[in-house]
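Labels below follow one simple rule: chain letters A, B, ... track the order of the sequence lines, proteins then strands, and each chain is numbered from 1.
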Number of protein chains: 2
Amino acid sequence: MNSKKTTIHDIAEKLNITASTVSRALNNNPRISEATKKAVLTMAKDLNYQPNNLAAALRKGKSQLIGIIVPRINRSFFSAVVRGVEEVANQLNYRVVVSQSLETVENEIAVVNTLLNARVDGIIVSLVGEKSTDYEHYENVTKKGVPLVLFDRTTTEIGTSQVIIDDYLGAYMATEHLIKQGCTKIAHFTHKKRFNIYNERYRGYVEALKNHNIPFNESLVCEGNMQLEDGRNCTKRLLDTDNDFDAIFSSSDYAIMGAMQVLKERNVKIPEEVALVGFSNEPFTSFTDPPLTSVNQFPIEMGQAAAELFFEMLNSTKKKLIPQKTVLQPELIVRASSLKLEH
Amino acid sequence: MNSKKTTIHDIAEKLNITASTVSRALNNNPRISEATKKAVLTMAKDLNYQPNNLAAALRKGKSQLIGIIVPRINRSFFSAVVRGVEEVANQLNYRVVVSQSLETVENEIAVVNTLLNARVDGIIVSLVGEKSTDYEHYENVTKKGVPLVLFDRTTTEIGTSQVIIDDYLGAYMATEHLIKQGCTKIAHFTHKKRFNIYNERYRGYVEALKNHNIPFNESLVCEGNMQLEDGRNCTKRLLDTDNDFDAIFSSSDYAIMGAMQVLKERNVKIPEEVALVGFSNEPFTSFTDPPLTSVNQFPIEMGQAAAELFFEMLNSTKKKLIPQKTVLQPELIVRASSLKLEH
DNA sequence: CTGTTAGCGCATTCAT
DNA sequence: ATGAATGCGCTAACAG
């Protein structure tokens, strides 16, 4: 019926008060009498009043919106991080808008711009690029004083707060676990792009070997894009070049899934002949046969931590806050794919 | 440095023209000379101008934003639909904001309100409730003239456009496939909430049995929430009540995954003793052992179709457009979990 | 092709 | 405890 949008002025008119009073009442300003507050609220409901956040945001210069950018939202890890951010944000009456960079820097640049145009109050992002030149658009963000928080795929080249898990430790635990299962020829799948997280996992792998006096064999390391197909290719290469190996620690669950497929196709027994460990604890890892051992990155907690860092930055008075770094502890989830010994 | 935000007025001042001209130039208005356009563009870049969409949206009364609401974003099906919507929307210079209802009507109501407050130009949603009273908040949406499009979990109780796959057909194909594999005692897992899609799948299952002269056995139908655990419980019940069954068609991939787990635990051979078919073609279905047969719902196409319906509504002059309905054809993806016969 | 004017809906300073 | 006045940044009549 009343298709005309009702504004605070309409409410004011009906009540013979001014729009300012209505505005204050709706915002629960303590200087407004309970009586008028109640009157305003009922009238607002009667007129089917819908607040216009755009107007408020324009006026206040803040939108109560946090933009979050992830490579892709259909990764369980990333959608769980989003949930973590939302939990904290919603509590504080902030909303979250999610964007995908779809693994390209170009998309990321476009998305950052969209968020900036939308006047989000801050941006939380897992980076898509690994080179210095891939970060230039974030200078624009920090320069504008928009709080920026990085998570998971981070860099120190942007001087801002970040939250990560201890990837080194996760990889170390994973590798050590394989060693304790009796594996001595452990292959490693890593990303060909040198993201910090993959470097750290690589480092953890190498260190664990070293600390257990197991020789590092470069030909057992395979680089790829960490997709299923990369895992397949790496595994085939290992098998076809008759490199001797009795385990694979992959920095990605998808790649280790590819390994499992190829090993099964070639009738290699898992874990007896080759034990497998992945990284991220994607839900499907518990659906495979045998179920896959993996490293839990605590994505919800990571999202919460990122949100908390964001609000710290937001509420900090000083322009230049010292960048904080939250480091979460990973957890090795042991499943049958790596269990050669019964306990 | 120049922390002060630059506006079109700043650009205008520097160039000794007016803000309107700048606005027109930035919007590529044909009535502006190429010379001034170029001048404005360079000056904008020089001053690091960032357009304020909030202001434009407030002024124009439209935000170039589409809100999409899904039960949960970490379902591959839903995130793929989002991608489909984005593809069409971005083409037309619209952005998409994603919200999760997390399976509760209360959340959905809150989220709808948030989107309305944010003045999205339309809402695309997969419903979370199945009762009439669960839809009341959408009257608010349609009444305000905000285009609304439903997908997947839809209802005819809200008079608006929708896009679905032919769930009846998908279920029919799945069931018929099992019959052709020689199965005659086919169990069915369905949702205890009577969403239209589950009703249709149930109908397809029953019709396929009937058309092949296979008696319908009510005790082989099990209701639940369509999660993994529900599939486990249903399967245990079937086994423990020694109902004779040689196949399960589940309206959910997660539930059929639960079935697979229990059957394996009890050493029931898949597909020889019990053949399995799921619904949705979630990526993990190809990771299981044996891989799961499932029904492809073409989520990207569904998202695209939903976006197209939205833009039709948006561009329609008449207030009351006749609700459209797009029905996509499903596809049965046959994998080893249901293949008793070699071809 | 460009300028003038006005206002989208709201929050806020300064009054009273 | 409330009102009056102003402007956030932008676009869109209307005018010329």
Side-chain angles (χ1 to χ4, degrees), chain A residues 2-41 43-44 47-65 93 116-121 144-145, chain B residues 2-41 43-44 47-65 93 116-121 144-145:
Chain A
N2 184 13
S3 181
K4 184 84 177 54
K5 323 272 186 190
T6 82
T7 72
I8 52 171
H9 289 98
D10 301 324
I11 300 175
E13 197 172 354
K14 291 267 186 188
L15 258 36
N16 276 321
I17 54 179
T18 64
S20 337
T21 305
V22 174
S23 172
R24 290 189 185 104
L26 291 172
N27 288 298
N28 204 22
N29 187 314
R31 305 189 313 178
I32 298 291
S33 75
E34 286 306 318
T36 44
K37 268 185 196 172
K38 191 174 291 178
V40 166
L41 253 22
M43 185 56 74
L47 298 180
N48 193 20
Y49 169 71
Q50 187 93 40
N52 187 330
N53 282 355
L54 293 180
L58 176 61
R59 176 60 235 254
K60 288 193 295 195
K62 55 199 300 268
S63 58
Q64 304 276 113
L65 238 45
N93 230 339
L116 251 22
N117 291 352
R119 290 300 191 270
V120 293
D121 293 338
K144 284 195 159 66
Chain B
N2 183 14
S3 180
K4 184 91 176 51
K5 322 271 184 189
T6 81
T7 73
I8 53 172
H9 290 99
D10 301 324
I11 299 174
E13 196 173 355
K14 291 265 186 188
L15 257 36
N16 274 321
I17 54 180
T18 65
S20 342
T21 305
V22 174
S23 171
R24 291 189 186 105
L26 290 172
N27 288 297
N28 205 22
N29 186 314
R31 304 187 314 180
I32 298 289
S33 75
E34 285 306 318
T36 45
K37 268 184 197 173
K38 192 174 292 178
V40 166
L41 254 23
M43 184 57 73
L47 298 180
N48 193 20
Y49 169 70
Q50 187 92 40
N52 186 330
N53 283 355
L54 292 181
L58 177 61
R59 176 61 235 249
K60 288 193 294 194
K62 53 199 300 267
S63 57
Q64 304 276 114
L65 238 45
N93 230 337
L116 251 22
N117 291 352
R119 289 301 189 270
V120 293
D121 293 337
K144 284 195 159 63

TODO: Find which nucleotide of DNA chain C each of B:L58 and B:N29 is nearest to by heavy atoms, and output the residue with the more 5' nucleotide.
DONE: B:N29
Task: Interatomic distance, A:I11 CD1 vs D:dG3 P [rounded to whole Å] - done: 14 Å
Task: Whole angstrom value for the distance that separates P of C:dC10 from CG of A:N27 - done: 10 Å
Open item on the list: Could you tell me how far apart B:R31 (CZ) and C:dT2 (P) are, to the nearest whole angstrom?
Closed with: 11 Å
Task: Euclidean distance, A:N52 CG relative to A:R59 CZ, rounded to 0.5 Å - done: 14.5 Å
Task: Nearest-Å distance for atom pair NZ/P, residues B:K5 and D:dG9 - done: 9 Å
Task: Side chain A:R24 and base D:dT2 donor-acceptor under 3.5 Å - done: no
TODO: Would you kindly say whether B:D121 and B:Q64 are connected by a side-chain donor-acceptor distance under 3.5 Å?
DONE: no
Open item on the list: So, does B:T36 get its side chain near the phosphate of C:dT2, meaning an N or O under 4.0 Å from OP1 or OP2?
Closed with: yes
- [ ] Return no unless some side-chain N or O of A:T7 is found under 4.0 Å from OP1 or OP2 of C:dG9.
- [x] no
Task: Test applied, side chain to side chain contact (heavy atoms under 4.5 Å, CB included); reference residue, B:K37; option that passes from B:N29, B:T21, B:V22, B:N28 - done: B:N28
Task: For atom NE2 of B:H9 and atom P of D:dG7, their distance in whole Å - done: 12 Å
Task: C:dT2 phosphate, OP1 or OP2, under 4.0 Å from B:S33 side-chain N/O - done: yes
Open item on the list: Applying a 4.0 Å non-hydrogen cut-off, can you work out what A:N16 is touching in the nucleic acid: base, sugar-phosphate, or nothing?
Closed with: sugar-phosphate
TODO: Measure the shortest side-chain to side-chain distance between B:N48 and A:K144 over non-hydrogen atoms and say whether it is less than 4.5 angstrom.
DONE: yes
Open item on the list: For a quick check under 3.5 Å, do A:S20 and A:S23 share a side-chain donor-acceptor pair by atom type?
Closed with: no
Open item on the list: Does B:S20 contact C:dT4 through a side-chain donor or acceptor facing the base, at a distance under 3.5 Å?
Closed with: yes
Task: Whole-Å distance separating the CD atom of A:Q50 from the C1' atom of C:dG9 - done: 13 Å
TODO: Determine the contact category for A:L54: base if any of its heavy atoms lies under 4.0 Å from a base atom, sugar-phosphate if only primed atoms, P, OP1 or OP2 are that close, otherwise nothing.
DONE: nothing
Open item on the list: Please confirm whether the shortest side-chain N or O distance from A:N52 to OP1 or OP2 of C:dC8 is below 4.0 Å.
Closed with: no
Open item on the list: Expressed as a whole number of angstroms, how long is the span from A:R59:CZ to C:dA11:P?
Closed with: 9 Å
- [ ] Please state whether the base of D:dA12 and the side chain of B:S23 form at least one donor-acceptor pair under 3.5 Å?
- [x] no
Open item on the list: Could you tell me how far apart B:N53 (CG) and D:dC8 (P) are, to the nearest whole angstrom?
Closed with: 18 Å
